[in-house]
Engineer: 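Just dropping this structure here.
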Amino acid sequence: MKETQTIENKATNTQQTERISGSEAIVRCLLAEGVDIIYGYPGGAIMPVYDELYKYQDKIHHVLTRHEQGATHSAQGYARISGKVGVAMATSGPGATNLVTGIADAQIDSTPMVCITGQVASHLLGSDAFQETDIVGISTPVTKWNHQITKASEIPEVMAKAFYIAKSGRPGPVLIDITKDAQFEEFDFVYEKCTGVRSYKPVPETDIKSVEAAAELINNAKKPLVVWGQGVILSEAEEAFKAFIEKAGIPSAWTILGVSAIPTEHPLNVGMLGMHGNYAPNVLTNECDVLIAIGMRFDDRVTGKLDEYAQQAKVIHFEIDPAEVDKNVKTDVAVLGDAKASLEAILPFIHKNTHTEWHQKFKDLYEIEYEKVIKHDLHPTKEGLTMGEVLHQINLESKGEAAIVSDVGQHQMIACRYAKFNQTKSNITSGGLGTMGFGLPAAIGAKMAAPEREVVSISGDGGYQMTIQELGTIFQQKTAVKIVVLNNDFLGMVRQWQQLFFDKRYASTEMTNPDFVAIAKGYYINARRVTKREELAEAVAEMMASKEAYFLEVCVEKEGNVFPMVPSGASVSDIRLS
């Protein structure tokens, strides 16, 4: 998207102008967009905005995170569970660059976020001034749009455009960089929400001919398979999606960002796709005759070896972003548009079906996976605690109502495989970027966005220590997050690969860890460590019953592996059970 694009349509209810500073204008813009929480870290170049925020404390709650990366992940967690735009703010230089990981994470996972950064005064731009960094140039590849403001008069139009772009169509992060002199400068302020941008068409029109062609393929299919992703959740298409698969009777599998769009126990939910997904949907991807992809992008973790992925199938792709169609997997019918609108459009054309024999194949393969993998993960007889049995205990206590926010690694795959979900927007994790350190700060944002919900953060001992300082944010904000660390004294996922593919050369993956319980207690957070199976159920129950933040460390087996597994570069049908 070009920075020269201009706003085409604006709301008609214009307001009377008022002469105010740029920094106050920024706060007024945020209020006009309904922002009630900002995650950030102050500094010199953004100080005028913080001074204005001080005056609006009763309207906007600023959360002081302990690191700017924590601010972006908290804003992501807020956005993912609420469906609103998350907001993060930082100063120039290192403050701005510390946002980049979270921005990149939000870009690849289509999370709506607006990041505001301070910048040195406009006359110093390009002079290598103290804490000057070209954050617009740095962030261009990982933002949906970005812009630098050097004049206060630009603020209302650019801010309105930022929120519109971040939320519309396929969502994503936007960064607005504002020079310090623009924050001080006064101008005649009026704010009008953006309703359109020239040359930017966020939602392509759905072609009824493509809908009819897709319906014909689906109605004639003998072995159809639905694979759905986060697009179903982002478009709030859960009910339309459920009606579609129930009418067509199609087994449906999910990507890790799509899970929770329908309940885990729904009879048509056949499990998780991908590298550590369930056995049946992976194997039967290469046996189905029609593959219906809805709101997903055929990520390599889902497809495995592309030239051996669903070669026998006709492929239908429901997608809002035309750039994703035919990017990785050749499509026979593309249904462009918002997922909810497209599913509602196709429903009248779909014939009622059951596909009983086809469903039985999924059940048969599930039984194989249960006997070889699931039973041993959830109900182990060996001495060491497994990650799976921890998730099983959390399920028993949460009854599938908790939001699970996971970090990245073995525990993430276990959480996605075994957590039970009864409501949408319940699985919050870093999918495309795989950002270690995501879990703890994202859980803070999720809990603040949905204080009535139980939010459980699940991390490994490696990723947890990347953002462990956010315990300070939890303590200061009194955020009742439940924190679980599955500690195996390893960077577990890398160690698993080293075991399987590098002859057990555990190069730089074994960790000498601190006393996690003592650290949590140092932040005045209730904490407990579990080392024995007989302690687990009671400890999880105690954690879930707590009305305050609670930290639980579970010492799991050191060399436990996550199976099934599709080896890197292999076909999904080559999935290993051991």
Side-chain angles (χ1 to χ4, degrees), residues 169-170 203-232 235 237 240-241 243-255 258 261 268 270 273-274 277 280-355 357-359 361-362 571-573:
R170 181 180 181 176
V203 182
E205 291 182 15
T206 302
D207 175 22
I208 194 64
K209 289 185 178 179
S210 66
V211 170
E212 291 174 345
E216 184 177 2
L217 282 177
I218 293 166
N219 291 333
N220 291 326
K222 302 301 181 185
K223 297 188 289 185
L225 174 63
V226 164
V227 296
W228 91 84
Q230 190 186 200
V232 172
S235 65
F241 175 72
F244 166 72
I245 62 171
E246 286 179 348
K247 186 175 183 181
I250 303 177
S252 302
W254 39 269
T255 69
L268 294 174
V270 296
L273 294 158
N282 273 304
V283 169
L284 296 177
T285 292
N286 281 354
E287 291 188 28
C288 68
D289 57 359
V290 176
L291 185 71
I292 306 121
I294 305 174
M296 56 86 73
R297 59 188 180 84
F298 291 111
D299 175 75
D300 65 291
R301 281 295 196 261
V302 167
T303 64
K305 190 176 182 181
L306 272 172
D307 59 9
E308 294 181 15
Y309 179 79
Q311 293 294 301
Q312 78 295 335
K314 296 288 186 181
V315 177
I316 301 167
H317 197 175
F318 288 79
E319 180 55 52
I320 196 169
D321 185 353
E324 293 294 347
V325 176
D326 294 333
K327 186 176 81 172
N328 295 324
V329 172
K330 179 65 179 173
T331 300
D332 293 280
V333 177
V335 181
L336 291 174
D338 174 77
K340 182 179 180 181
S342 297
L343 288 168
E344 289 174 343
I346 201 171
L347 192 61
F349 297 99
I350 296 297
H351 299 163
K352 184 75 175 173
N353 213 327
T354 56
H355 298 291
E357 292 182 9
W358 177 229
H359 276 285
K361 284 198 169 189
F362 287 86
S571 165
V572 289
S573 54

Engineer: When you measure from the side chain of Lys247 to the backbone N and O of Leu347, does any donor-acceptor pair fall under 3.5 Å?
Structural biologist: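 Pair found, side chain donor or acceptor close to backbone of Leu347.
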
Engineer: Salt-bridge test for Glu212 and Lys209: reply yes if a basic N is under 4.0 Å from a carboxylate O, no otherwise.
Structural biologist: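 Judged by the 4.0 Å cut-off on N to carboxylate O distance, Glu212 and Lys209 do not form a salt bridge.
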
Engineer: Quick one, Thr255 with Asp299, criterion side chain to side chain contact (heavy atoms under 4.5 Å, CB included). Give me CA distance, side-chain angles, the key distance, then yes/no.
Structural biologist: CA-CA 9 Å; Thr255 69; Asp299 175 75; over 6 Å; no

Engineer: Could you grab the distance from atom NZ of Lys305 to atom CG of Asp300, nearest 0.5 Å is fine?
Structural biologist: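 One gets 14.5 Å once the value is rounded to the nearest 0.5 Å.
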
Engineer: Applying the side chain to side chain contact (heavy atoms under 4.5 Å, CB included) test to Thr206, which of Asp338, Val335, Ile346, Leu336 qualifies?
Structural biologist: Val335

Engineer: Would you check if Ile250 and Leu268 make a side-chain contact, meaning some heavy-atom pair closer than 4.5 Å?
Structural biologist: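 A side-chain contact under 4.5 Å is absent here.
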
Engineer: Walk me through it: do Trp254 and Val232 pass the test side chain to side chain contact (heavy atoms under 4.5 Å, CB included)?
Structural biologist: CA-CA 10 Å; Trp254 39 269; Val232 172; over 6 Å; no

Engineer: With no hydrogens and no angle check, do the side chains of Asn328 and Thr303 hold a donor and an acceptor under 3.5 Å apart?
Structural biologist: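 Absent: no donor and acceptor within the cut-off.
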
Engineer: So which atom in Lys352 and which in Glu246 form the shortest heavy-atom distance, rounded to 0.1 Å?
Structural biologist: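 Scanning both residues, the minimum pair turns out to be NZ-O, 3.5 Å.
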
Engineer: Quick check on Gln312: does its CD atom have over 12 non-hydrogen neighbours (other residues, nucleotides or ligands) under 6.0 Å away?
Structural biologist: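 Atom CD in Gln312 is packed in, count exceeds 12.
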
Engineer: Among all residues two or more places apart in sequence or in another chain, which pass the side-chain hydrogen bond (donor to acceptor under 3.5 Å, both in side chains) test with Arg301?
Structural biologist: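 By the side-chain hydrogen bond (donor to acceptor under 3.5 Å, both in side chains) rule, Arg301 matches no residue at all.
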
Engineer: Measure across Met296 and Glu319 and return the closest heavy-atom pair with its distance rounded to 0.1 Å.
Structural biologist: O-OE1, 3.2 Å

Engineer: Val270 and Pro251: which non-hydrogen atoms are nearest, and at how many Å?
Structural biologist: CG1-CB, 3.7 Å

Engineer: Using a 3.5 Å distance criterion without hydrogens, assess whether the side chain of Asp289 forms a donor-acceptor pair with backbone atoms of Ala221.
Structural biologist: no

Engineer: Are Asn286 and Ser571 close enough, and set up right, to give a side chain to side chain contact (heavy atoms under 4.5 Å, CB included), and what steps lead you there?
Structural biologist: CA-CA 9 Å; Asn286 281 354; Ser571 165; 3.1 Å; yes

Engineer: Could you tell me the separation between the CH2 atom of Trp358 and the CD atom of Glu287, rounded to the nearest 0.5 Å?
Structural biologist: 5.5 Å

Engineer: Quick check: does any side chain N or O of Asp332 sit under 3.5 Å from a backbone N or O of Val315, one acting as donor and the other as acceptor?
Structural biologist: yes

Engineer: Between Ala261 and Trp228, what is the shortest heavy-atom contact and its length?
Structural biologist: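 Taking every non-hydrogen atom into account, CB-NE1, 3.4 Å.
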
Engineer: Return the minimal non-hydrogen interatomic distance between Ala334 and Val325, and the atom names on each side.
Structural biologist: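 Closest approach of Ala334 to Val325, heavy atoms only: CB-CG1, 3.7 Å.
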
Engineer: Let me confirm one number: the CG-CG distance from Leu217 to Leu291, rounded to the nearest 0.5 Å.
Structural biologist: 11.5 Å

Engineer: Nearest 0.5 angstrom please: His317 NE2 to Lys330 NZ, how far?
Structural biologist: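 With rounding to 0.5 Å, NE2 (His317) is 13.0 Å from NZ (Lys330).
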
Engineer: State which residues pass side chain to side chain contact (heavy atoms under 4.5 Å, CB included) with Thr285; sequence neighbours excluded, sorted by chain then number.
Structural biologist: Leu225, Leu273, Tyr309, Ala310, Val572

Engineer: Could you report the tightest heavy-atom contact between Gly231 and Ala339, atom names first, then the distance?
Structural biologist: O-CB, 4.0 Å

Engineer: Roughly how far, to the nearest 0.5 Å, is OG of Ser252 from CZ of Phe244?
Structural biologist: 7.5 Å

Engineer: Got more than 12 heavy atoms from elsewhere within 6.0 Å of NZ, Lys222?
Structural biologist: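 It does not: Lys222 NZ has 12 such atoms or fewer within range.
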
Engineer: Taking atom CD of Glu216 and atom CD1 of Ile350, what is their separation to the nearest 0.5 Å?
Structural biologist: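 Reported value, rounded in 0.5 Å steps: 11.0 Å.
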
Engineer: Run the side-chain hydrogen bond (donor to acceptor under 3.5 Å, both in side chains) test against Lys314 and tell me which residues pass, sequence neighbours left out.
Structural biologist: none

Engineer: State, with a plain yes or no, whether a side-chain heavy atom of Ser573 is found less than 4.5 Å away from one of Glu308.
Structural biologist: no

